[in-house]
Amino acid sequence: MSKAADITVDANTNIKDLVTRFPETARVFGEHGLPCVGCHIASYETIAQGAAAHSMALEPLLQYLRAVVGSSQGAAAGRSAGCRRCKTR
């Protein structure tokens with residue numbers, strides 16, 4: 001099952017679930033002033049709740065997270081294709 005099928009990045013996405021599946025999103029949270037990723041609260045808090053608790057605009061955060069997740073999935077697909085090519089050489 002692909003990561004995309006496992007999780008949807010929206011306001012109701014659990015912070016810990018997202019960071020567990022896509023560790024590079026921890027940087028996004030930190031850059032946006034949301035250090036919750038390492039906090040025990042992240043295990044039950046959604047992105048919307050975290051943003052609200054830190055007085056952050058939700059939509060820009062979601063857009064950035066989606067871009068990072070999409071980029072991560074694209075990079076993984078590229079690495080996988082590269083491995084297949086190596087095996088056929």
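Every heavy atom of this structure was used, including side-chain atoms; hydrogens, water molecules and symmetry mates were not.
Counting only heavy atoms from C-beta outward, the side chains of L18 and F29 approach each other to under 4.5 Å. Residues T13 and L65 form no side-chain contact, since every pair of their non-hydrogen atoms from C-beta on lies 4.5 Å or further apart. The side-chain heavy atoms of R66 and D10, taken from C-beta on, include a pair separated by under 4.5 Å.
A distance-only check finds a donor-acceptor pair linking the side chain of T46 to the backbone of Q49 [under 3.5 Å].
Taking CZ of R27 as the reference point, atom NE2 of H32 lies at 10.0 Å (rounded to 0.5 Å). Atom CG of L61 sits about 9.5 Å away from atom OG1 of T25, to the nearest 0.5 Å.
For L58 against A11, the heavy-atom pair with the smallest separation is CD2-CB, 3.7 Å. Across every non-hydrogen atom of G33 and H54, the tightest pair is O-ND1, 3.9 Å.
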